[in-house]
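First comes the structure, then the notes that go with it.
As the structure is a computational prediction, the values presented were derived from the model and not from experiment. Naming: A, B, ... by sequence-line order, numbering from 1 per chain.
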Protein chains: 4
Amino acid sequence: MKLSEKKVLKKKEEILMSAVKIVNNKGYQGATMEEIAAALLMTKGSLYYYFKNKEDLIFQCHALVLSKANKELLAHLEEPISFEERLRKMIKTHIHYAIEKKESFNMIIKPKETFSSEQLHPILQQRKIYAGYFDQIIQGGVDAKEFVNVDLKIVRMILLGSMNWIQQWYMPAGGKSKVEIQEIYADYLLKLLK
Amino acid sequence: MKLSEKKVLKKKEEILMSAVKIVNNKGYQGATMEEIAAALLMTKGSLYYYFKNKEDLIFQCHALVLSKANKELLAHLEEPISFEERLRKMIKTHIHYAIEKKESFNMIIKPKETFSSEQLHPILQQRKIYAGYFDQIIQGGVDAKEFVNVDLKIVRMILLGSMNWIQQWYMPAGGKSKVEIQEIYADYLLKLLK
Amino acid sequence: MKLSEKKVLKKKEEILMSAVKIVNNKGYQGATMEEIAAALLMTKGSLYYYFKNKEDLIFQCHALVLSKANKELLAHLEEPISFEERLRKMIKTHIHYAIEKKESFNMIIKPKETFSSEQLHPILQQRKIYAGYFDQIIQGGVDAKEFVNVDLKIVRMILLGSMNWIQQWYMPAGGKSKVEIQEIYADYLLKLLK
Amino acid sequence: MKLSEKKVLKKKEEILMSAVKIVNNKGYQGATMEEIAAALLMTKGSLYYYFKNKEDLIFQCHALVLSKANKELLAHLEEPISFEERLRKMIKTHIHYAIEKKESFNMIIKPKETFSSEQLHPILQQRKIYAGYFDQIIQGGVDAKEFVNVDLKIVRMILLGSMNWIQQWYMPAGGKSKVEIQEIYADYLLKLLK
DNA sequence: AATGAATGAGAATTCATTCAT
DNA sequence: CATGAATGAATTCTCATTCAT
């Protein structure tokens, strides 16, 4: 890869990182190319050098965020500790994302009708992988008799659903800290598996 | 109230019921007045006879859905049965809404940045009331020693969050039926309180 | 004329009197049928019982105001006093209209491009008659050697123009009273004829 | 100032010059963005590249015209000739504007209720300056005993009012020429000061 | 690589007008 | 007579997209 190509890639990611925040606050329709460009001190026109069109840009936002989250989760999966400990870490990681990277995170959890089906497919694929990591740990725990036998899919849905919801109400200022929430949620959610 | 006023109200509700579906599929920005009107075999202009502007129309969509959901939940609250039974019914009702009235339901769970704060307030107020019904039952159960002592707010959040998530994945065709899901969810979620 | 017809005429005038004010504040395009109706506690639709359309309504506003002003001026014209005295009275009357009936008055002085030429004509005709009254007095005064010989049309234009302008700046609260202005203007303007 | 900024300014002025004519023929409400754009062989959308919205565009029309008129008048104010000569020149300049730049001129004399008060203020300020130039000459003439003592404000109002009125009746084709009118008006109006 | 300028296809909104009741 | 309801054309405004420089 030539240096110039690397530069382009870096710039692309820079744009995506910034765009993620805006798209999340305003939604697909609400976010304007103008706004995305302005946040980067660029002009609208320049965005079209890097991305084919708006849909493409926003699609790549999703892809970027998802692959990052997946990578992080995968790391936990492979740690040589008990299933309960591993699931606990995954729960904390997920909550961390849900709270600290709220903007990016939203992209994972609702790809919506925004995309043409050809673009939607790889995103859903990634989501499936992400969910699979949880399934592996839960099933592993059940097999190892660490967890009681459960309906795998349903329990995973309860886990993810309840955690995804946190960002709807979490306020850094008042109430519990992120760490407290991580602990409490891990405790309660693990009760489902005991 | 005069007959004419009643007629207007009925028409308004008719419009809202139809609009809810569209707004939910396309989102606030994606739904157009044209489309909303067309679905009712009206013209754009007519909508403005009933609603001040787009924001007003969509705001009233939220208000309508919320008040209906609230009413239904309240009924369960007052039944003369054990707290566990009542909570079970409320869970089932909530899931029923989340699945069957998916469109309307979405409006309740993300009012977002769509609304001017003056309109947002009454919606949040209604949401608070809705959440309060769950709190009452949970606290009641704890006081009556039916449930173990829990962090009220957190548990309620886990309940609602996990249930709200159902609509993201539920597919009537394959897998479990609504009734099954209602039962399974109720079982699992009640484990948190035991 | 039947009683019912009289009633209609009365209602028409009532509408016109009210419309004049609105049209004057907002201009032809700015004034809406809605607003005109609302000021009379009627509905838009009802206006169309009395007037063919908006243009017709506003045209009749002009006609009404002009005919009233003309009638009043004519009275002065025929008083058995010196030309100077008569002109003085006419000046005062005109200023009175310009200040006190500002809204109505504006209609006289700028019929503009608002009207179709067929409607514009009678209005211009009336204006000509109004101007003619001033011409008669000035010419009469010149013939009677009360006034010096002047360019009739130009002087009349200076008179009317300067008086029409008063409403642009006159403020009842501060500065000179209406009566003072009437006196001062009469004094200055008569200097042109001496 | 960079070249590009200058270009924008030039284009802006080009648009304004064209818009002034249209706004004047049709008024604020009557003139459409479509029409203004078409006259410049542009599209509606482009106007919004240069101006925030219609109100902004029209506001800047006023500002442009006023500042031009003010500059011109100021030049006369400083000529080293008698007060009478200077006032005569100012009268002629004003009449020239009223006749030849009728469109632009109208904007000066009636800012109206069109503007939000925050925009209205600077316009009124400019008008005050314009009027002040006349006041200076009149007062100067009085002090220098060239003119008789007069009510400064009233006389200035008579001057401006009568001249502003010219455009209501002046027809290039028939009757007197512009130059004749300038002379006659100057003669008559100066009589007020003698 | 970036930008400034322009465009055109919608979108929301307004309002005169109509008409059945 | 009056009105409520509906309409549709006109108008303002937005924004993704293009392209010459």
Side-chain angles (χ1 to χ4, degrees), chain A residues 4 7-8 11-12 28-37 40-58, chain B residues 2-5 7-8 11-12 28-37 40-58, chain C residues 4 7-8 11 28-37 40-58, chain D residues 2-5 7-8 11-12 29-37 40-58:
Chain A
S4 65
K7 251 187 170 172
V8 166
K11 186 86 188 181
K12 267 193 180 185
Y28 181 93
Q29 307 265 3
T32 71
M33 295 297 270
E34 181 82 53
E35 200 178 354
I36 292 170
L40 289 153
L41 303 178
M42 307 171 83
T43 56
K44 261 192 292 191
S46 309
L47 291 180
Y48 286 85
Y49 180 78
Y50 298 99
F51 301 94
K52 204 171 139 291
N53 52 31
K54 191 182 178 184
E55 188 183 1
D56 180 36
L57 193 164
I58 295 192
Chain B
K2 275 181 287 179
L3 182 63
S4 64
E5 286 175 17
K7 252 187 175 171
V8 165
K11 185 87 188 183
K12 269 191 179 183
Y28 180 94
Q29 309 265 0
T32 71
M33 295 298 271
E34 182 83 55
E35 199 179 354
I36 292 171
L40 289 152
L41 304 179
M42 305 171 87
T43 58
K44 260 186 301 189
S46 307
L47 290 182
Y48 287 88
Y49 182 78
Y50 294 99
F51 302 93
K52 207 173 137 294
N53 53 29
K54 191 181 177 183
E55 189 183 356
D56 181 36
L57 193 163
I58 296 195
Chain C
S4 66
K7 250 185 172 174
V8 165
K11 186 86 187 181
Y28 180 93
Q29 308 265 2
T32 70
M33 296 296 272
E34 182 82 54
E35 200 179 354
I36 292 170
L40 289 152
L41 304 179
M42 307 171 84
T43 57
K44 262 193 292 193
S46 309
L47 290 180
Y48 286 85
Y49 180 78
Y50 297 98
F51 301 94
K52 202 172 140 290
N53 53 29
K54 192 182 176 183
E55 190 184 358
D56 180 36
L57 193 164
I58 296 193
Chain D
K2 276 180 289 181
L3 182 64
S4 65
E5 285 176 17
K7 251 186 176 170
V8 166
K11 184 87 189 182
K12 269 192 180 183
Q29 309 263 3
T32 72
M33 295 298 270
E34 182 83 56
E35 198 179 356
I36 291 171
L40 289 153
L41 303 178
M42 305 172 87
T43 57
K44 261 186 301 188
S46 307
L47 289 182
Y48 286 89
Y49 182 78
Y50 295 99
F51 301 94
K52 208 172 139 295
N53 52 31
K54 191 182 176 183
E55 187 184 358
D56 180 35
L57 194 163
I58 296 194

Of D/Gly45 and A/Gly45, the one whose closest DNA chain E nucleotide lies more 5':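 Result: A/Gly45.
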
What is the distance, to the nearest angstrom, from the [atom1] atom on [X] to the [atom2] atom on [N]?
| X | N | atom1 | atom2 | result |
| --- | --- | --- | --- | --- |
| C/Asp56 | E/dT17 | CG | C1' | 14 Å |
| D/Phe51 | F/dT12 | CZ | P | 15 Å |
| B/Lys54 | E/dG10 | NZ | C1' | 12 Å |
| B/Lys52 | E/dT13 | NZ | C1' | 11 Å |
| D/Glu55 | F/dC13 | CD | C1' | 14 Å |
| B/Met33 | F/dT7 | CE | C1' | 15 Å |
| B/Glu34 | F/dA9 | CD | P | 12 Å |
| A/Glu35 | F/dA16 | CD | P | 10 Å |

Kindly give the heavy-atom pair with the smallest separation between [X] and [Y], and that separation in Å.
| X | Y | value |
| --- | --- | --- |
| A/Tyr50 | A/Lys12 | O-CE, 3.2 Å |
| B/Lys11 | B/Met42 | CE-CE, 3.7 Å |
| D/Thr43 | D/Ala37 | C-CB, 3.6 Å |
| B/Gln29 | B/Lys54 | O-NZ, 3.7 Å |
| A/Met33 | A/Leu57 | CE-CD1, 4.2 Å |
| C/Ile58 | C/Tyr28 | CD1-CD1, 3.5 Å |

Side-chain N,O ([X]) to OP1/OP2 ([N]) below 4.0 Å:
| X | N | answer |
| --- | --- | --- |
| A/Lys44 | E/dA5 | no |
| A/Tyr49 | E/dA1 | yes |
| A/Tyr48 | F/dT17 | yes |
| B/Lys11 | F/dA6 | yes |
| A/Ser46 | E/dT3 | yes |

Intra- and inter-strand pairs of DNA chain F in dot-bracket (Watson-Crick or G-U wobble, both distances under 3.5 Å; | for another strand): .||||||||||||||||||||

Candidate nucleotides [options], ranked by approach to the side chain of [X] - the nearest:
| X | options | value |
| --- | --- | --- |
| D/Tyr50 | F/dA10, F/dG4, E/dA5 | E/dA5 |
| B/Val8 | F/dA5, E/dA5, E/dT7 | F/dA5 |
| A/Met42 | E/dT3, F/dC1, F/dA16 | E/dT3 |
| A/Asn53 | F/dT17, F/dA6, E/dA6 | F/dT17 |

Residue met sooner reading DNA chain F from 5', once B/Leu41 and B/Gln29 are mapped to nucleotides: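 It is B/Leu41, whose closest nucleotide lies nearer the 5' terminus.
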
First of A/Gly30 and C/Leu47 reached from the 5' end of DNA chain F, by closest nucleotide: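 Nearest nucleotide further toward 5': that of C/Leu47.
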
Sugar-phosphate only, base, or nothing, as touched by B/Ala37 at under 4.0 Å among non-hydrogen atoms: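 Contact class for B/Ala37: none.
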
